[in-house]
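The structure displayed is predicted, hence computed values, not measured ones. The residues of the chain are indexed from 1 along the displayed sequence.
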Amino acid sequence: MRKDITVDAEVRSSRGKNEARRTRRAGQIPAVVYGAHKDPISVAVDPKAILKIVRSSTGYNTIFNLVITGGETTPVMLVDQQVDPIKGTLLHADLKRIDLTKRIRVTVPVHTTGEPKGVKVQGGLLEVISRAVEIECLPDDIPEGFTVDVSELMIGQSKRASDVALSGSMKLTSAADTVIAHIVALRAEAAPAAEAAAAPAATAEPEVVKKGKKEEEAPAEDKGKKK
């Protein structure tokens with residue numbers, strides 16, 4: 001989304017780690033501006049201004065004006081950044097020039113609204129699967145976000161990327177069948193049945209073996225003596 005934001009930049013005459021350290025000590029960070037079939041330019045920008053844009057409602061989809069001292073003024077987007085893994089401070093930024101007459105691809109957040117009937121009436125559960133979709137559009141048509149109404153969903157029903165309402169020059173580039181959100185039955189309801197099915201079948205009562213010796217037969221010689 002294009003915003004009326006201006007960030008000043010100064011051209012860096014040299015590059016390298018030492019120059020980058022000097023830039024940071026001066027309260028700025030090194031950055032590179034490229035794209036739009038123009039040569040890349042090494043500049044220095046205020047990290048606070050860049051972080052403010054990143055943390056705004058439009059985030060990385062923000063198109064703002066970069067004013068390079070003694071050089072060009074051009075609309076740009078932040079496409080990459082380097083952050084200190086320990087301090088969390090911004091160390092470097094990549095800025096891309098934007099041609100406002102050409103379509104670009106961006107990832108836009110998707111939010112859900114409404115209480116689904118499948119939750120309210122059927123006792124199901126709303127699961128949000130995808131929180132963003134990718135679209136292609138003209139820079140001035142980039143939306144801040146999309147909202148999908150899930151209030152009519154019942155158990156087993158879903159909202160997909162194809163249900164996102166597009167306007168202007170927007171064209172969906174995410175897979176149309178990508179699930180945004182769906183209603184599922186609570187697993188707890190199926191638990192008793194599952195436990196019953198898993199229970200071992202009743203075993204037959206074991207046969208009781210009687211203890212004691214069988215009566216022994218008389219020896220053969222004793223049999224012969226009997227008359």
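From Arg160, atom CZ reaches atom CD1 of Ile129 across 10.5 Å, with rounding to the nearest 0.5 Å. In this structure, Thr89 OG1 and Gln82 CD are separated by 10.0 Å, a value rounded to the nearest 0.5 Å. Separating the CD atom in Gln157 from the NZ atom in Lys159 is a distance of 9.0 Å, to the nearest 0.5 Å. Rounding to the nearest 0.5 Å places CG of Leu153 at 12.5 Å from NZ of Lys120. Between the CG atom of Asn61 and the CE atom of Met1 there is a distance of 9.0 Å, given to the nearest 0.5 Å. Rounded to the nearest 0.5 Å, atoms CZ (Arg22) and NZ (Lys17) are 14.0 Å apart.
Counting heavy atoms from C-beta outward, Val133 and Thr107 have side chains that stay 4.5 Å or more apart. Pro143 places a side-chain heavy atom less than 4.5 Å from the side chain of Ile135. In this structure, Asp46 and Asp8 have side chains that are not in contact, with every pair of non-hydrogen atoms separated by 4.5 Å or more. Looking at heavy atoms from C-beta onward, Ser130 lies out of side-chain contact with Val110 at the 4.5 angstrom threshold. In this structure the side chain of Ile68 never reaches within 4.5 angstrom of the side chain of Thr73, judged on heavy atoms. With contacts defined as side-chain heavy-atom distances shorter than 4.5 Å, the pair Arg131/His111 does not qualify. In this structure, Asp141 and Arg103 have side chains that are not in contact, with every pair of non-hydrogen atoms separated by 4.5 Å or more. Side-chain contact between Val45 and Leu66 is present, with at least one heavy-atom pair separated by less than 4.5 Å.
Salt bridge absent: Glu136 and Lys171 never bring a charged side-chain N and a carboxylate O closer than 4.0 Å. The pair Glu134-Arg105 meets the salt-bridge criterion, since a charged nitrogen lies less than 4.0 angstrom from a carboxylate oxygen.
Across every non-hydrogen atom of Ala185 and Ile155, the tightest pair is N-CG2, 4.1 Å. The two residues Leu138 and Ser169 have their closest heavy-atom pair at N-OG, 2.9 Å. Contact between Ala161 and Ile180 at its shortest, heavy atoms only, is N-CG1, 3.8 Å. Ser158 and Asp163 make their closest contact through O-OD2, 4.3 Å (heavy atoms, listed as atom of the first residue, atom of the second, distance). When all heavy atoms of Gly27 and Pro47 are compared, the pair lying nearest together is O-CD, 3.4 Å. Nearest approach of Ala20 to Pro30, heavy atoms of both residues: CB-CG, 4.1 Å.
In this model, no donor atom of one side chain and acceptor atom of the other lie less than 3.5 Å apart for Thr58 and Glu144. In this model, no donor atom of one side chain and acceptor atom of the other lie less than 3.5 Å apart for Thr113 and Asp149.
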Residues Tyr34, Asp39; criterion side chain to side chain contact (heavy atoms under 4.5 Å, CB included); working and verdict: CA-CA 6 Å; Tyr34 65 92; Asp39 293 334; over 6 Å; no

Evaluation steps, side chain to side chain contact (heavy atoms under 4.5 Å, CB included), between Ile53 and Ile5: CA-CA 9 Å; Ile53 291 171; Ile5 300 173; 4.2 Å; yes

From CA spacing to verdict: side chain to side chain contact (heavy atoms under 4.5 Å, CB included), Arg97, His37: CA-CA 9 Å; Arg97 299 184 185 93; His37 305 291; over 6 Å; no

Side chain to side chain contact (heavy atoms under 4.5 Å, CB included) assessment of Met170 paired with Val108: CA-CA 11 Å; Met170 300 177 198; Val108 181; over 6 Å; no

Full working for salt bridge (charged side-chain N to carboxylate O under 4.0 Å, His left out) between Arg12 and Glu19: CA-CA 9 Å; Arg12 291 188 293 137; Glu19 176 62 22; 5.5 Å; no

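Side-chain N or O atoms of Thr69 include one that pairs as donor or acceptor with a backbone N or O of Ala9 at under 3.5 Å. Between the side chain of Thr23 and the backbone N or O of Ile29, no donor-acceptor pair lies under 3.5 Å. In this structure, Arg24 contributes its side chain and Leu90 its backbone to no donor-acceptor pair below 3.5 Å. Side chain of Gln122 to main chain of Val119: no donor-acceptor pair is present (N/O by atom type, distance under 3.5 Å, no hydrogens or angles).
Ile63 and Val106 fall within a single hydrophobic cluster, where Ile, Leu, Val, Met, Phe, Trp and Tyr are joined by side-chain heavy atoms under 4.5 Å apart, directly or via other members. Cluster membership check: Ile41 shares its hydrophobic cluster with Phe64, using side-chain heavy-atom separations under 4.5 Å among Ile, Leu, Val, Met, Phe, Trp and Tyr. Both Leu78 and Val83 sit in one connected hydrophobic cluster of ILVMFWY residues. Membership requires side-chain heavy atoms under 4.5 Å apart, directly or through other members. Transitive grouping of hydrophobic side chains (ILVMFWY, heavy atoms separated by less than 4.5 Å) brings Val164 and Ile142 into a common cluster. The same ILVMFWY cluster, assembled from side-chain heavy atoms under 4.5 Å apart, contains both Leu51 and Val33.
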